[in-house]
Structure formats: C-alpha cells, structure tokens
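Note sheet for the following structure.
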Amino acid sequence: MVTITNVVGSGTLGLELDVEQLGADLDVPYTEHDPENYHGLYVRLEEDGPLIIVYRSGKYIITGSSSLDELEESNDVFLNKLSALNGIDIPEETGFSVQNVVSTAELGMDVNLNALSIGLGLESTEYEPEQFPGLVYRPEEYTAVILLFANGKAVITGAPTVDVATDAFDHLQSRVNSLL
DNA sequence: AGCGCTACAGTGTTACGTTAAAGGTCTC
DNA sequence: GAGACCTTTAACGTAACACTGTAGCGCT
C-alpha cells in the first residue's frame, strides 16, 4: 500500500510568454518572478496549493500535488485562468503528463540495511549511513528509486505512474521476504 | 617550417530552484 | 527541542563553469 505525497507534471502552451507580464495579469493569490534568483514564474492557485512554474518558452511544471486528481484539477484551473486573459490562446492539446510520482510505503518490520544492501546486490543499492540513513535501491525492472529506512518505512520516487511505484515497492517487499 | 604559448570561440556539463517523503546528525 | 541539512526523482531555462579546438603570434 503506497501513499502518494507528491506528483509532478509538465506541459507546454506552445507559445512564447512574457512571464513578468503574465505574473501581473493572472488572477491568482500568489505569483513570484525574481529573475535574479530564478528565471521561472512561480504561480499558486491557492495559498498552500501546488506550485506551477511557468517558463518563457510556454512550458510549465506543476509540483506539490498530493494526488493525480489534484494535479489534473490544478492544470485545468491554470489553463482556464490563462484562457481568460487577452492575447493568450490555449491549445487544445498541451501534452500535459505526469513526470514523477513520489510516494511512501511501509514494509511493516525493521530491516538490517547493511545485510539488505548485500542481499539485494551492491550494483543496485547504495548505503552510506554516515552520509544518509536510508538505503537507496534502484530496481532494474522498474523506472523508480526507493529509499528504504531501518524501521521499514520507504520513499518511492522517480516513478512515472502510481502503478509503477506500487509494483516497484511490491517487488522490493517480495525480495526482502525472500531474503529472510 | 615547426613548435610552444596565449587568446578566443564553441561545445558540453553542472548547478540552480521547486516539491514531497523518510531518519540521522548537526547547530542553535 | 526546533530547525536545517543530507539523499532521491522529474520537469524546465539560464548561468557559470570546464573542456576542446582553432587561430595567431613569437621564438628557434
């Protein structure tokens, strides 16, 4: 059972944007553009909602959503806000898609990370407790990276879908069980 | 002519910043 | 005790580097 904590998606509007002007025109509670610090325009549709980063090229990223539904809703609302502005024609297809699903899960038991790194294979794991307390596991079969901690809690990141994250964790769980 | 050095142009790589979670370590 | 930092991942464009290749110059 994995719990989604963050979903990152991206799309493109297919047109060049004046992000400084866009930040001033958008009817949203928060925008920030500080080219000295970063060249992207930061937009929030709600005070503590997901963050949208808009680039001059028309490409944009939405990060900080806690579910796929929230991500899609944020995308819809953002596009509606843009289409309400004069001079911006939103294309029917923005190519918006999920790029990264970050989630947490639990094995339900303590694990010896030193022993596990050997059992899983040194070529697919990294464990340096003096640097970071978690074991980094990169399963060959899945596009995801799992951070596993001694208490059995895990973070799955880099997965393109929730299914991949779930499958990757199930795979880890079965491998851990087979090593017991 | 051939070699070595410097200067510059062009290309390639990396860091930045954002988001979330986890647990250990460190500073205040 | 609270908070910051460490690690991982994806997207993105820009800036700052590192590196390579070429041109020009001076010396032998």
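This structure is a prediction, so every number in the text was calculated from the model and none was measured. Numbers restart at 1 for each chain; the letters A, B, ... are given by sequence-line order, proteins then strands.
- Taking 4.5 Å as the limit, every side-chain heavy atom of A:Val8 sits out of range of all side-chain heavy atoms of A:Val98.
- Contact check of residues 13-40 of chain A against DNA chain C (heavy atom, cut-off under 4.0 Å) returns A:Tyr38, A:His39.
- Extent of DNA chain C lying under 4.0 Å from chain A heavy atoms, first and last nucleotide in 5' to 3' order, is C:dC6 to C:dT14.
- Of the residues in residues 136-146 of chain A, those with a non-hydrogen atom less than 4.0 angstrom from any atom of DNA chain C are A:Arg138, A:Val145.
- Under a hydrophobic-cluster definition in which Ile, Leu, Val, Met, Phe, Trp and Tyr are linked whenever side-chain heavy atoms come within less than 4.5 Å, directly or via other members, A:Leu51 and A:Val54 are assigned to different clusters.
- The environment of CG in A:Asp48 is sparse: at most 12 heavy-atom neighbours from other residues, nucleotides or ligands sit within 6.0 Å.
- Proximity of the aromatic rings of A:His171 and A:Tyr142 is defined here by a centroid distance below 6.0 angstrom, and this criterion is met.
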Please test A:Glu72 against A:Ser74 for side-chain hydrogen bond (donor to acceptor under 3.5 Å, both in side chains), starting from the C-alpha separation and ending with a verdict. CA-CA 5 Å; A:Glu72 286 182 20; A:Ser74 296; over 6 Å; no

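- Remark: side-chain polar atoms of A:Glu70 are paired, donor with acceptor, to backbone N or O of A:Ser66 under 3.5 angstrom.
- Centroid-to-centroid, the aromatic rings of A:Tyr60 and A:Phe78 come within less than 6.0 Å.
- Backbone-only contact: A:Tyr42 has heavy atoms under 4.0 Å from sugar-phosphate atoms and none from a base.
- A donor-acceptor pair under 3.5 Å is absent between the side-chain atoms of A:Ser10 and the main chain of A:Ile61, judged by distance alone.
- Residue A:Asp89 places its CG atom among 12 or fewer non-hydrogen atoms of other residues, nucleotides or ligands, all under 6.0 Å distant.
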Can you give one letter per nucleotide of nucleotides 19-28 of chain B, going 5' to 3': B for a protein heavy atom under 4.0 Å from the base, S for sugar-phosphate only, - for none? BBBBBS----

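- At a threshold of 4.0 Å, the pair A:Arg44-A:Glu32 does not count as salt-bridged, since none of the basic side-chain nitrogens sits closer than that to a carboxylate oxygen.
- For the residue pair A:Val164 and A:Ala159, the shortest heavy atom distance occurs at CG1-CB, 4.1 Å.
- Using a 4.0 Å cutoff on non-hydrogen atoms, no part of residues 163-180 of chain A comes near DNA chain B.
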For residues 102-112 of chain A, which side-chain N or O atoms pair as donor and acceptor with protein atoms under 3.5 Å away, sequence neighbours left out?
unit_1, atom_1, unit_2, atom_2, d
A:Asn112, OD1, A:Asn114, N, 3.0
A:Asn112, OD1, A:Ala115, N, 3.1

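- The minimum heavy-atom distance linking A:Ile156 with A:Ala144 is given by the pair CG2-CB, 4.2 Å.
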Step by step, work out the side-chain hydrogen bond (donor to acceptor under 3.5 Å, both in side chains) result for A:Gln173 and A:Asn177. CA-CA 6 Å; A:Gln173 196 153 33; A:Asn177 289 332; 5.9 Å; no

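- The 12-atom threshold is not exceeded at CD of A:Glu140, counting heavy atoms of other residues, nucleotides or ligands nearer than 6.0 Å.
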